[in-house]
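Take a look at the structure below.
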Amino acid sequence: MPGERPVHVLGIAASARKNSTSGAALDVVLARAAELGCRTKALRLAELRLPFCDGDKTAPWPEYPAVAVLRRAVSRAHAVVLATPEYHGGMSGALKNALDLLDIPHARGKVFAGVSALGGRSNSNALNQLRTSVRWLHGWMLPDQVAIPDARSAHLDGRFQDPLVTERLSQLADALTRAARALALPVAPDHPQGRRE
């Protein structure tokens with residue numbers, strides 16, 4: 001709508017594979033968010049050189065500039081899409097490590113959405129882990145989520161074989177955009193916190 005502040009949507013792709021199903025799913029979500037007027041950006045963890053978190057979530061890691069890139073991107077976003085393959089019943093280690101490198105001030109009040117790609121049947125193991133981590137970072141996790149079963153056959157020749165997958169990913173983007181716009185609105189002038197930044 002005219003006069004609205006643009007919503008910034010960040011996507012984080014966790015797979016190390018070049019043509020991963022979870023990465024392709026993220027692209028669908030971000031493309032739909034862009035159609036809805038959002039500014040989008042993708043971070044692909046396979047392209048970032050991140051250290052293993054040592055438990056200090058505020059360490060500056062000057063020898064790893066990608067840490068500052070990650071933290072700055074999450075801090076500037078209104079909404080974040082986490083797209084992960086499921087490995088041994090959980091999110092990818094790369095994504096868990098990236099989330100561990102964040103602290104509450106980076107993620108507080110942001111809207112998060114989760115997408116997982118599984119080698120077998122659909123389940124919510126990785127997505128449930130994402131919910132737990134986001135909650136500990138004081139983020140808002142959408143009730144909507146997408147799990148893509150049989151990932152090796154779900155995305156072939158640059159497209160999802162089942163149109164319902166693309167539809168669900170687009171619906172996820174719709175829900176994420178609505179929630180992010182609602183939370184990005186300024187608070188009432190007499191509210192002691194003034195305006196959201």
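Keep in mind the model is a prediction, meaning the values are calculated, not measured.
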Check: Would you say the side-chain atoms of His78 pair up with the backbone N or O of Val7, donor to acceptor, closer than 3.5 Å?
Finding: no
dist His106:NE2 -> Leu99:CG (nearest 0.5 Å) comes out at 12.5 Å
Asp162 vs Arg168, salt bridge (charged side-chain N to carboxylate O under 4.0 Å, His left out): CA-CA, chis, key distance, verdict:
CA-CA 10 Å; Asp162 184 350; Arg168 289 181 60 220; over 6 Å; no
To the nearest 0.5 Å, atom OG1 of Thr21 lies from atom CG of Leu156 at 8.0 Å
Exactly one candidate in Leu169, Val29, Leu127 meets side chain to side chain contact (heavy atoms under 4.5 Å, CB included) with Val146; the answer is Leu169
The reported gap from CZ in Arg32 to CG in Leu176 (rounded to nearest 0.5 angstrom) is 12.0 Å
Notebook entry, point to check: Does CH2 belonging to Trp61 count more than 12 external heavy atoms closer than 6.0 Å?
Noted result: yes
Are side-chain heavy atoms of Asn125 and Glu86 found at a separation under 4.5 Å? yes
Practice problem: In plain terms, say whether Arg108 and Asp103 are close enough for a salt bridge, that is, a side-chain N and a carboxylate O under 4.0 Å apart. | Solution: no
*asked:* Please determine whether a side-chain nitrogen of the Lys or Arg among Asp174 and Arg178 lies less than 4.0 Å from a carboxylate oxygen of the Asp or Glu.
replied: no
Any side-chain donor near an acceptor of the partner, Arg131 and Gln145, under 3.5 Å: yes
*asked:* Test your reading of the model: is there a side-chain donor-acceptor pair from Lys41 to the backbone of Val9, 3.5 Å cut-off?
replied: no
d(Ser22 OG, Leu118 CG) to nearest 0.5 Å is 10.0 Å
Applying side chain to side chain contact (heavy atoms under 4.5 Å, CB included) to Tyr87 and not counting sequence neighbours gives Ser15, Pro85, Ser92
CG (Leu101) and SG (Cys53) are apart, to the nearest 0.5 Å, by 5.0 Å
